[in-house]
Structure formats: C-alpha cells, structure tokens
Amino acid sequence: MTDRPDFRPEPRAPKGFQDRRARDVLVERRILEQVSAVYERYGFEALDTPAFEYADALGKFLPDADRPNEGVFALQDDDEQWMALRYDLTAPLARFAAQNWETLAKPFRRYAFGPVWRNEKPGPGRFREFIQCDADTVGSARPEADAEIVSLAVAGLEAAGLPRGAAVIKLNSRKLLNGLLTAAGATAPSQQLDVLRAVDKLDRLGPEGVALLLGAGRKDDSGAFTKGAGLAAPAISSVLAFVQSGGGTRRETLDRIAGVIGGSPQGDEGLADLDRIDMALKGLGVDEDQALFDPSIVRGLEYYTGAVFEAELLLETRDDKGDRIRFGSIGGGGRYDDLVARFTGETTPATGFSFGVSRLAAALRASGQARADTVRGPVVVIVFNADHMADYFAVAGELRKAGIAAEVYLGAAGMKAQMKYADRRMSPAVIMLGGDEISGGTVTIKDLDLGRALAAGVRDHEVWRNERPGQQTIPRGDMVAAVRKILEGERP
RNA sequence: GCCGCCUUAGCUCAGUUGGUUAGAGCGCCAGAUUGUGGCUCUGGAGGUCCUCAGUUCGAACCUGAGAGGUGGUACCA
C-alpha cells in the first residue's frame, strides 16, 4: 500500500468499531446459545443471510450518486450495482422471504443473529458494527402472532440471564397512534411525524416537555430550540391524556385508552388487536409485570403498521464511578405489513423482535447480573530445558485428552517469567518437569489458585517463597487426577 | 448536523504570570531471589506535551484554524 519505508501506521480500530476479548466473546456466545435454544423451542428456524445486500433491497437508505454511504456502508460492484452492508436483519429477511416465497412453508418463522453495520456517528454504547439477534414471523396477520413474539422476547431475555422483573416489554399499536393523530387533527404528514416524535420523548422530558413539543416548541438546557408540532391546546391535552393512560393491568390501560380515542375507526381496530394480544398473552403465561401496554411507545416512524413493542431495562444500573445510568431500551420490534410488499407487490403481514447482543451483555454487566467469572487460562507446562520438549508436550497432551486445557510455554523467558505468565493467564496450576522429576518419573504440580488465596496474608517474601504453598511432587501417573482435584476446588 | 467542554508516558492525571535536562501514581521490563507468580525494596524503558500556522529572544502554556474525544441536543431502519 505505502512505499514509504519510514511510514508507521497507527494501530487502532476504526472509529465506532471495537475489538472484543475473550471475556466479552464468551458472555455473548452464551447469550446467543441460550436465546437460540428458546427460539427453536418456539418453532423458529435458523437463517443466515449475507452481510451484503444490493442497496435497493435494503430500502429506505438507498444510496444515491452523491451520498452513497449515507447511513450504510456501500460500495459498487463490478457491474456497477450498489451493494451495502446490512443495517439490520429484518430487511434481509424481507428480501429472502420475497425471493423464496413460493417454496416456503407459511407462515415462515425464523430467527437470525450476526453483525450489522451502520455508518453513523458512534456514541457511548453505540457502535458502527454490532451483533443483533432477531426473530420474525412472516405471513400471519393474527394479533396472536404479535403476542407470541412478545412471549418469545420475554422468554429469550430471561434465558439470556435477565432475571424476572429486570426488564419489561411495553406494547402499543400504530393503529392507536393513527387514531390519535386523527382525533388531534394532525393531518399533514410532517405534523404527524412531529407529534409522534414528541410522544416518543415522554419518558425523558415528561408531560410538560412533551406539551411544549406538541405546541410551539421547546428550548432545552443547552439553549437549542426544537420546533413544535403546532397543535392547538385541546388537541395537546387529548394527546397527553392518551399518552398518560398507561399503568395498571393491560385491561385497565385498554379501558382508559378507549375513553380517550375510542370511536375512531383506526383506534377501534387497534384496541381490538391489543385486546386479542392480551388474551393470547394470558394463554402464553405472560404476566402483567412482564408485558404491559404503554401508549407512549412509538418506535421508528415509517415501517411499523400495527403492534409495536419495546423491551425496557428496569434494573438500576451504575457506571464505574457509581453514577446512575439510563439504559432504556434494550430491544424492540413490531408489526410491519408492507416490507415484503416492496418486492412482491403483495401485502405480506410480518411481525418480529430484535435486540442488540452486546448491549444486552452490557446491561447484564452493569446490573451486576453477568457472571463475573474471569477467563481462566490453561494449565501451563513449564519449560526447563529444550532437550525435554517432547516430555512437556506429552504432559500437555495427556491433560488435553482428559479434557483439561493445557499448553507448553513457548516463549523464551526463564522460569520466573513463566510463573508470572501462568499467573497473568489466570492458570489454575503449572506443571514442572525438571531434571529431578524426569529422572524420578514424577511431576511437580503447583496450585496457583491456592497461592492466590494465601497471598493476601503474606508479609515476608523469603518465607513465602521457601514454603512453596500448594506445591506437590507426585508420580507422573497420578498427574491428571491431581490436576483434576485442583480444578474441582474452584467455585462452580 | 448544531452547542459546550476536553486533548501532556500504555492508563489516570499534575505542571511554573510563557524560561533551558516535562513530572507523579498505576502498569510494563529487570535485579534482589542462577528451579518458583502474587507482598516488599532497588533500578530501567517509555513523551512529535493532538496537528499545522502565528505572536515572542524563547511556547506544553498565548492566538487562530484543523483533527480527535466527550457531554447535551437533533436524527435513528
């Protein structure tokens, strides 16, 4: 690439991309295993699709000639077609479903997980590449399909490690919101968007802030002014009444909503949908504290056509400094009946839920729910003398055959540094095979965990070193059993 | 995108109204301890003081522009 011999590239990951080490990889792998098992138990099949899609298949953010990378990472293929990295798993599903519609057993139920990419400004906890996990039903218009997705989300999050009560799924319906917009007299599309955006901010700004955004506009603490939706006072109060009609059981919420916007055709349709969802949730065993109706949930602006849901973290989370942090939404989804129609021209009902895996892992960690187990290193076989490498590898092989992680130290350093290496790797033990052991047919095993436990009380290095705690020299044939005993000593 | 704040060692940060060889703690490496990690002690390595331009006899410090980070806001499939 560069022909300047003195050029030294700066070793750094691209902005918004991150390296993830064993600790995070293992946590996320475990989440995906648990969630996949749940999704399969619900009858969803696995599907993997390519990282790239043709840009026109991804829809809304279709690159145009001047701004090909707006929102997505796009490049032009040999044949000059634009391809883009997928920004979620739903658009590729719509493409797949449209492409294979004739051959699929319908309704088509699938789950998928993998990296997605978004070319936008990264922020704290917000990356340009992240793992998403997604489950959808394509081809069922029944509200019960939405209820099942909600049940799936509840079960999946719990399997991932969120204890009951740590999160709740909040449900609403786009049809209710449309009924509300009609009732409030917001007819112009741009005004409708303003109203929905304002409603979406209820949890952050409170009713007063939302009222300002619905009316003339709001100036925030930094002095920036956000233009309002320009609704008249009676419309504002009906919107606020609607938005605040959550609380209590799902049934109670429905009754209150009916009081505010019942009577409009769209609103009644939405109420009927939520009513059926409520009944299905009861059958599915999803309780009131696991899924509730919340009229202030909006989610995205186009796209959704019926039920919308959002998974919200309820656990109090604190950052490293002990300050409270808002985690907010850890996943969401809803019904989108027009996505497949983009390809086929035929309206195809679909509903789904997705969550960010890293974000969920971060939520588990921040809430103290993640098992804080450190990544354990292998048993390290110390190298005394290069002439005996064959013996060292034989020992490592014996341990591996017994299912114990083991490695021969392959660096150049002396014994002291090898011990330090094993310590830093969090190895449970080292195996020492010096001249004495080899001629005697023995091995020396040092229990590093025991040493770690005892180290706190040590004052005198000399004494400590001479005592050699946790160290035993035993016949070579007893090695595996002795190592296993050390491993079993650790906490489950 | 807009507004504010910040940028000195791998990390967290000091730093004199602008004055010569820029510091600390932690971490790293080594020795004390030639077959023994974590404690202790001693030593060592490691810096374009974000970049460029300007003011000045002299800039880590002052001025301007830019880059990067961060907080808020907007947008968010």
Side-chain angles (χ1 to χ4, degrees), chain A residues 8 10-12 15-16 53 58-62 70-72 84 86-94 116-124 126 132 134 193-194 196-198 200-201 204-205 209 213 217-227 298-304 320-321 323 325 329 332-334 336 339 352 354 377 380 382-385 409 413-438 444-471 473:
Chain A
R8 291 277 186 284
E10 195 181 333
R12 51 177 187 158
K15 182 171 63 171
E53 294 285 345
L58 287 181
K60 187 176 159 189
F61 289 91
L62 203 163
E70 186 68 14
V72 299
R86 64 189 181 199
Y87 53 77
D88 71 6
L89 296 171
T90 311
L93 168 66
V116 301
W117 295 268
R118 296 182 185 184
N119 189 7
E120 56 190 21
K121 181 184 155 191
R126 223 177 135 148
Q132 209 172 55
D134 183 285
L193 288 180
D194 287 342
L196 294 180
R197 285 195 190 111
D200 197 30
K201 291 183 173 63
R204 201 149 43 84
L205 303 181
L213 283 176
R218 175 177 179 274
K219 188 182 276 189
D220 64 46
D221 298 339
S222 73
F225 180 76
T226 308
K227 195 175 144 302
V298 176
R299 300 280 314 165
L301 297 173
E302 335 275 344
Y303 196 105
Y304 291 117
D320 300 338
K321 292 172 189 152
D323 294 334
I325 48 176
S329 166
Y336 51 97
L339 215 52
S354 64
V380 172
I382 303 281
V383 169
F384 284 83
N385 183 330
Y409 177 77
M415 169 126 190
K416 187 180 162 74
Q418 295 188 42
M419 290 298 299
K420 192 165 184 171
Y421 171 80
D423 188 42
R424 289 185 54 169
R425 293 288 306 274
M426 281 302 286
S427 297
V430 297
I431 305 290
M432 291 181 271
L433 262 181
D436 298 347
E437 285 87 354
I438 287 179
T444 296
I445 302 174
K446 184 165 180 130
D447 182 344
L448 294 184
D449 280 342
L450 183 63
R452 288 185 186 101
L454 294 176
V458 174
R459 288 287 161 270
D460 187 337
H461 184 78
E462 201 71 30
V463 174
W464 163 256
R465 189 161 165 263
N466 291 333
E467 272 178 6
R468 297 192 171 164
Q471 191 164 320
T473 301

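Sequence lines set the chain letters: A, B, ... in the order given, protein chains first and strands last, and positions in each chain run from 1. Since the model is a prediction, treat every value here as computed from it, not as a measurement.
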Taking the [atom1] atom in each of [N] and [M], what is the distance between them to the nearest angstrom?
N	M	atom1	value
B:A14	B:G25	P	16 Å
B:U21	B:G35	P	45 Å
B:U63	B:G19	P	16 Å
B:A67	B:A22	P	31 Å
B:U8	B:U51	C1'	15 Å
B:C5	B:A45	C1'	35 Å
B:G69	B:C11	P	15 Å
B:U33	B:A24	C1'	29 Å

Send over the distance from [X] [atom1] to [N] [atom2], rounded to a whole Å.
X	N	atom1	atom2	result
A:Gln471	B:G37	CD	C1'	11 Å
A:Gln418	B:G35	CD	C1'	10 Å
A:Met415	B:U33	CE	C1'	12 Å
A:Leu339	B:A77	CG	C1'	9 Å
A:Arg197	B:U73	CZ	P	16 Å
A:Arg218	B:U73	CZ	C1'	9 Å
A:Met432	B:G35	CE	P	12 Å
A:Leu213	B:A74	CG	P	7 Å

Kindly say if [X] contacts the phosphate of [N], meaning a side-chain N or O under 4.0 Å from OP1 or OP2.
X	N	result
A:Lys416	B:G37	yes
A:Arg204	B:A74	yes
A:Arg299	B:C76	no
A:Arg424	B:C29	yes
A:Arg118	B:C76	no

Both distances below 3.5 Å, Watson-Crick or wobble geometry, any strand: find the nucleotide opposite [N].
N	answer
B:A22	none
B:G69	B:C5
B:A74	none
B:C62	B:G54
B:G27	none

Is a salt bridge present between A:Asp200 and A:Arg197, judged by a nitrogen-to-oxygen distance below 4.0 Å?
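The answer is no: the pair does not qualify as a salt bridge.
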First locate atom CG of A:Asp423, then atom CG of A:Leu448, and finally report the distance between them rounded to the nearest 0.5 Å.
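Reported to 0.5 Å precision, the distance equals 6.5 Å.
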Do the side chains of [Y] and [X] get nearer than 4.5 Å, heavy atoms only?
X	Y	answer
A:Asp88	A:Arg118	yes
A:Met419	A:Ile382	yes
A:Val380	A:Gln418	no
A:Ile438	A:Phe384	no

Base, sugar-phosphate, or nothing for [X], non-hydrogen atoms under 4.0 angstrom?
X	answer
A:Lys227	nothing
A:Thr226	sugar-phosphate
A:Lys15	sugar-phosphate
A:Gly435	base
A:Glu120	base
A:Glu437	base

Heavy-atom closest contact (A:Ala94 atom, A:Leu339 atom, distance):
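Heavy-atom minimum between the residues: CB-CG, 4.0 Å.
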Would you indicate which nucleotide in B:A74, B:A77, B:G37 comes nearest to any side-chain atom of A:Asp423?
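The closest nucleotide is B:G37.
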Quick check on RNA chain B: between A:Lys420 and A:Asp436, whose nearest nucleotide comes earlier from the 5' end?
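Nearest-nucleotide comparison on RNA chain B picks A:Lys420.
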Between A:Trp117 and A:Gly16, who's closer to the 5' end of RNA chain B by nearest nucleotide?
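Counting from the 5' end, the first nearest nucleotide belongs to A:Gly16.
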Knowing that exactly one of A:Ile445, A:Thr473, A:Thr444 qualifies, which makes a side-chain contact (heavy atoms from CB on, under 4.5 Å) with A:Met432?
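Answer to the side-chain contact (heavy atoms from CB on, under 4.5 Å) test with A:Met432 among A:Ile445, A:Thr473, A:Thr444: A:Thr444.
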